[in-house]
Amino acid sequence: MLRFFISRLSTFFVTFVGVTLISFAFIRVIPGDPIIVMAGERGMSQERYEELTRQYGFDQPVLTQFWDYLTGVLQGDLGQSFVTKKPVWDEFFALFPATLELSLCAIILAIALGIPAGVIAAVNRGKFFDRALMSSALVGYSMPIFWWALLLIIVFSGNLGWTPVSGRMGLLYYFPTPTGFMLIDSLLSGQSGAFVSAVQHLILPTIVLATIPLAVIARQTRSAMLEVLSEDYIRTARAKGLKPWRINGLHALRNAMIPVITVIGLSVGTLLAGAILTETIFSWPGIGKWMVDSIFRRDYPVVQGGLLLVAVVVMIVNLIVDMLYGLINPRIRTRK
Amino acid sequence: MALLNIRNLSVEFATGGGSFRAVDGVDVTVDGGEVLAIVGESGSGKSVSMLAAMGLLPWTATVTADELSFDGRDLRDLSASARRKVIGREISMIFQEPMSSLNPCFTVGFQIREALKQHLKLDSSARKKRALELMEMVGIPAPEKRLTAFPHQLSGGMNQRVMIAMAIACDPKLLIADEPTTALDVTIQAQILDLLTGLQRDTGMGLILITHDMGVVAETAHRVAVQYAGWKVEDQPVETLFDTPHHPYTAALLAALPERATERRLPTIPGVVPGQFDRPQGCLFSPRCAHADDLCRSTVPPVQSAALGRARCHYPLSVPAKEKVQ
């Protein structure tokens, strides 16, 4: 396990440097001078422009800029936002809990519905439930997310008035947010109705963000289950006189989970990427919205640092997924 | 009364190209304490008829029978939950591929204890004790350590022993062994057969041994049923079958035994078992039979008397096999 961990860590480092390079290059490829954007419509004098260029180091060769950035990153310094002048690190950690809360709710919803749906579809292969589920999964997977989000907002927020349109918390409530997770903080605040408001704000973004992973997980679970159900050991389980739920839910599902875990791991990456769109539509104050705003402002340090941190989170999730394989599949665990 | 009594069993599979009759009017009877060998080439419907009795066939299969009873109970109109009380408890089954027949995600101890938990009212420590006892019964060395092993950490022979331990966990009245040694090394084959016949003698359970190995049959069985392309073509006690086979197919199978070969080249049966699309009219064995004539090729043969081994043949043989071959 230790050797496995070390080999993973070295891949981790290489990927890290690669992501640093890409995020650094990516924002510079986009047209638009950050200093001109900073000046806004009024513009600025040539002297002031050159002074700022020097101040931010844009007069240096690109390689030198990258080297300065990389050494800074390795020392834990992601730089300061051009716009707010606050360290990128602080901004990220102020906003990340919002994204994490939304993503966690979405992936939990996707797993909680997707796996049972896939199992039931596989067990009832070819019957009505199977067909209905697989068709809706295809619809869910191919639907444009922004359209789906707007549709839900129009129906549930606009017409029915059941849920708020945007944000994380009703304006009537104000309380400190020590954890950054609105569900927890609203409970800690002790204000009546705050938790309900937090849940109401979460519902639609969670549904929107969970749609694609839910479809993918359900389809993957179904196909993995179908494969496993024709295995010899399932026949053995039936020959033992075990109950169907035990055969399907324990003997088959445990084996079918291996490819499903992979998909869940990949979905987490998609979720963080998908969160950008969802957060923008629902004005969810998370890193997705923060990054989009920063790209428009050509806020180089924020875009670079944000991409890097998101990539690190995805890599950590993948590491956890690899560890989970071993837990679920003993054949991997004992391999040297 | 026989322990397992199957009369006129037919199994049809719905396939893309129409329905395929894998088992066609087969009778099987086994008494308690009897060892019945079901012999035949691949595709002769040996496993399918037993899987049908266990209710383990996929949903594409349609099973019909005039009688399908176990220990006086009709298995045909048993509800799924009532069937589960019989399957794994009173009839159990082991399979051809021990490596893939055990669930790779659970320890062998777990899988044995699970069978006990399903059918017997034992508490957790009693189940543990019984599992250990079973592991010893099937001759697994260091059973305590092996209980926590996963199937991939054991050899094929060991896994088959685990399968046997699991199958006899609830003291079944009948054990069906579906080619239990086919996937194993020759040296291990004999050990597993010894184990099965030993257990059968000790517990007095009935044993159905599905095999295509006539050598195995000679060593273990009391009675032999020969199947061909979904038909039962012969049914005799083992001693008389080896001396005087009545069906030409049985005679040809015996002639193909290396010990019986008299020439340098081993005799073979030309052709293959007919499949879904090339079933002949009349006797199914007629295209490969050395004795077949126009009657065989046009008319389905009758089942002969018990004295003629219930041979399904127009012209049952009555000459000892050895003379026949020469």
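We name chains A, B, ... by the order of the sequence lines, and we start the count at 1 in each one.
- Annotation: A/F12, atom CZ; neighbour count of heavy atoms from other residues, nucleotides and ligands within 6.0 Å is above 12.
- Only the backbone of B/L102 comes within contact range of chain A, with heavy atoms under 4.5 Å apart.
- Top candidate by heavy-atom pairs under 4.5 Å with chain A, chosen from B/E114, B/E97, B/M93, is B/E114.
- Closest approach of B/I87 and A/A239 over heavy atoms only: CG2-O, 3.1 Å.
- If you measure heavy-atom distances from A/I234 to chain B, you find no contacts under 4.5 Å at all.
- Counting only distance, with no hydrogens or angles, the side chain of A/T236 and the backbone of B/S101 share a donor-acceptor pair below 3.5 Å.
- For A/R125, the CZ atom is loosely surrounded, since the number of other residues' heavy atoms within 6.0 Å does not exceed 12.
- Heavy atoms from other residues, nucleotides or ligands lying under 6.0 Å from CZ of B/R73 number more than 12.
- Using a 4.5 Å cut-off between heavy atoms, B/L51 touches chain A through its side chain atoms alone.
- In this structure, B/G55 and A/R238 approach most closely via the heavy-atom pair O-NH2, 3.6 Å.
- Contact of B/L116 with chain A is not made at all, since no heavy-atom distance falls under 4.5 Å.
- Atom CD of B/E136 has more than 12 heavy atoms from other residues, nucleotides or ligands within 6.0 Å.
- If you measure heavy-atom distances from B/M99 to chain A, you find no contacts under 4.5 Å at all.
- Under a 3.5 Å cut-off, the side chain of A/K240 and the backbone N or O of B/M166 do not form any donor-acceptor pair.
- Test A/E231, A/R254, A/H251 against B/N103 for side-chain hydrogen bond (donor to acceptor under 3.5 Å, both in side chains) and you get one pass: A/H251.
- Annotation for A/P244 and B/R84: closest pair CD-NH1, 3.3 Å, computed over non-hydrogen atoms.
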